[in-house]
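Residues: numbered from 1 along the sequence shown. Because only heavy atoms are used, hydrogens play no part in the values below, and waters and symmetry mates are left out as well, while side chains stay in.
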Amino acid sequence: MIKSIKVTARILYGIILRSKLVVKYCASKSTYEKVSLKSYNADKCLKSGFVVFFENIIHIIKYGEINGFYFLYSQDVKGGGIRQDLMPYRQFMKFRNTFNQTRPYSYVCILRDKNLFSIVADGMGYPSAKNIGILNCGLIKMLNKTTTTIEDLLKTHNSLFFKPLNAECGEGIFSAGLSGGSYHLDGKVVDLVELQKKIERVTTDYLVQDMVVQHKEMSRLYPNAINTLRIVTVRNIKTGKVDVLHSLLRIGAHGNIVDNWAKGGIAIGIKPDGFLCDSGFFKPSYGKQVGVHPDTGVTFSSFKIPYYEQAILMCRSFHADLEHIGSIGWDVAITENGPLFIEGNDNWEISLHQSYGGLKSRFEQLQK
């Protein structure tokens with residue numbers, strides 16, 4: 001009897017959820033916009049607005065979510081049908097989290113705390129961004145427990161990088177430096193008073209790191225940000241072997257000091273040989289597909305990432321050491337001396353990776 005009640009309640013919840021989402025989708029202004037304005041493939045033959053609307057309603061009914069990546073996945077291109085190779089977002093989240101929250105204990109905390117991540121990486125012999133201290137309310141607590149000010153710290157560290165300990169998508173990140181007698185904030189010349197005000201406004205724990213100096217080839221691609229690789233590794237639940245699911249390169253653009261897609265960066269797939277794919281994606285509010293970097297003019301398809309093979313091996317090796325985590329999205333910088341870890345993420349996203357092809361069967365195959 002109790003089991004039947006639970007099943008009935010679950011069914012009713014599903015119906016109510018889907019009904020609300022259908023109403024929300026139908027009421028959304030974007031539902032009625034021309035498909036060509038939303039599409040990443042305006043040069044191709046596109047489905048009609050009615051077909052797009054109908055397919056999105058089917059997705060809501062089937063999966064209990066609004067498909068926020070319909071256009072990113074090029075599902076609006078005529079002749080494509082409803083793709084079965086794509087992992088729906090809610091299903092992905094549940095699948096990913098289930099295999100990352102293991103018992104009796106979990107290593108996820110190593111990835112969530114950026115300071116702890118660097119400590120563990122260093123202890124295991126993996127190169128990572130160098131931690132200097134923790135910033136809070138204007139004071140920087142050094143690793144040796146002494147405190148200092150931004151003015152004194154910049155006398156010995158000419159370029160610093162600040163990021164919240166638990167932030168995502170590039171939120172809150174900024175840089176500071178001292179060069180030629182001038183102070184810099186996010187690459188712009190400021191006076192000491194303005195820089196100190198920025199530091200004093202930080203009221204949560206920020207990790208302070210030495211600025212990473214990237215490989216000259218990566219700077220040729222875009223010099224104002226550290227352009228990082230996002231390499232997703234997955235542990236095969238049957239064999240225990242760590243495999244690479246997919247790799248992307250995030251590239252800064254339009255003067256930004258970060259490469260995050262959510263902040264206007266470009267995300268582009270990486271081929272197995274280390275060369276970039278033909279075109280990359282902006283987030284919809286920042287642009288569409290591009291095959292040439294809008295600031296530097298570098299053609300993506302002819303660009304090869306230095307030390308790419310070493311970066312892959314390094315990610316697989318580190319993941320193998322973190323044996324209680326199912327999948328990890330690694331952020332890796334490329335320096336003149338080789339790849340260097342920026343951070344690891346248990347809560348990585350699949351959407352951008354699937355823009356280069358569905359990963360549903362591959363992901364399920366590795367973790368079932």
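- The two residues L116 and C109 have their closest heavy-atom pair at CD2-O, 3.7 Å.
- Atom OH of Y356 is separated from atom OH of Y73 by 13.0 Å, given to the nearest 0.5 angstrom.
- Note that CG of L111 is 8.0 Å distant from CG of N100, once rounded to the nearest 0.5 Å.
- Looking at T146, its side chain never comes within 3.5 Å of a backbone N or O of M142 through a donor-acceptor pair.
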Begin with the C-alpha distance, continue with both residues' side-chain angles, and end with the deciding distance and a verdict on side-chain hydrogen bond (donor to acceptor under 3.5 Å, both in side chains) for Y40 and S355. CA-CA 11 Å; Y40 282 93; S355 63; over 6 Å; no
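- Using a 4.0 Å cut-off between a side-chain N of Lys or Arg and a carboxylate O of Asp or Glu, R250 and D331 qualify as a salt bridge.
- S279 OG to I268 CD1: the interatomic distance, rounded to the nearest 0.5 Å, is 6.5 Å.
- Atoms CG and CG, from L178 and L195 in turn, are 9.5 Å apart once rounded to the nearest 0.5 Å.
- A donor-acceptor pair under 3.5 Å is absent between the side-chain atoms of N56 and the main chain of I66, judged by distance alone.
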Derivation and outcome, side-chain hydrogen bond (donor to acceptor under 3.5 Å, both in side chains), residues E364 and Q91: CA-CA 11 Å; E364 289 180 337; Q91 181 182 338; 3.1 Å; yes
Going through the checks in order, is the side-chain hydrogen bond (donor to acceptor under 3.5 Å, both in side chains) test met by N131 and N115? CA-CA 7 Å; N131 292 352; N115 187 32; 2.8 Å; yes
I would like to know whether R112 and D346 meet salt bridge (Lys or Arg N to Asp or Glu O under 4.0 Å); could you show each step before the answer? CA-CA 8 Å; R112 292 292 176 95; D346 69 290; 2.6 Å; yes
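- Side-chain contact between R362 and D243 is present, with at least one heavy-atom pair separated by less than 4.5 Å.
- Classification of K47 and E55 as a salt-bridged pair holds, one side-chain N sitting under 4.0 Å from a carboxylate O.
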Given the rule in the ring-ring contact (aromatic ring centres under 6.0 Å, His included) test, do Y126 and F318 qualify, once you have shown the distances and angles that lead to the verdict? CA-CA 8 Å; Y126 295 106; F318 199 170; 4.5 Å; yes
Would you please test E323 and Y107 for side-chain hydrogen bond (donor to acceptor under 3.5 Å, both in side chains) and show each step? CA-CA 8 Å; E323 57 187 72; Y107 283 178; 5.1 Å; no
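- Ion pairing between a basic and an acidic side chain is recognised when a charged N comes within 4.0 Å of a carboxylate O; D85 and R83 show such pairing.
- Annotation: the span from N345 atom CG to R230 atom CZ amounts to 4.5 Å, rounded to 0.5 Å.
- Aromatic rings from F300 and F275 are positioned such that their centres are separated by 6.0 Å or more.
- T335 and Y307 share no side-chain donor-acceptor pair at under 3.5 Å.
- Taking the six-membered ring for Trp and the full ring otherwise, F174 and F162 have centroids separated by under 6.0 Å.
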For K197 and E200: C-alpha separation, side-chain torsions, deciding distance, then whether salt bridge (Lys or Arg N to Asp or Glu O under 4.0 Å) applies. CA-CA 5 Å; K197 285 182 179 179; E200 289 168 1; over 6 Å; no
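- Remark: K288 fails to qualify as a cation-pi partner of F281 under the 6.0 Å distance and 45° angle criteria applied to the six-membered ring.
- Aromatic pair W261/Y286: ring centres not closer than 6.0 Å.
- With hydrogens and angles disregarded, no donor-acceptor distance shorter than 3.5 Å links the side chain of S159 to the backbone of G177.
- Taking CZ of F161 as the reference point, atom CD1 of I173 lies at 4.5 Å (rounded to 0.5 Å).
- Contact check on E194 versus K198 returns no salt bridge, with no Lys/Arg side-chain nitrogen under 4.0 Å from an Asp/Glu carboxylate oxygen.
- Remark: the backbone N or O of H319 is paired with a side-chain donor or acceptor of R235 at under 3.5 angstrom.
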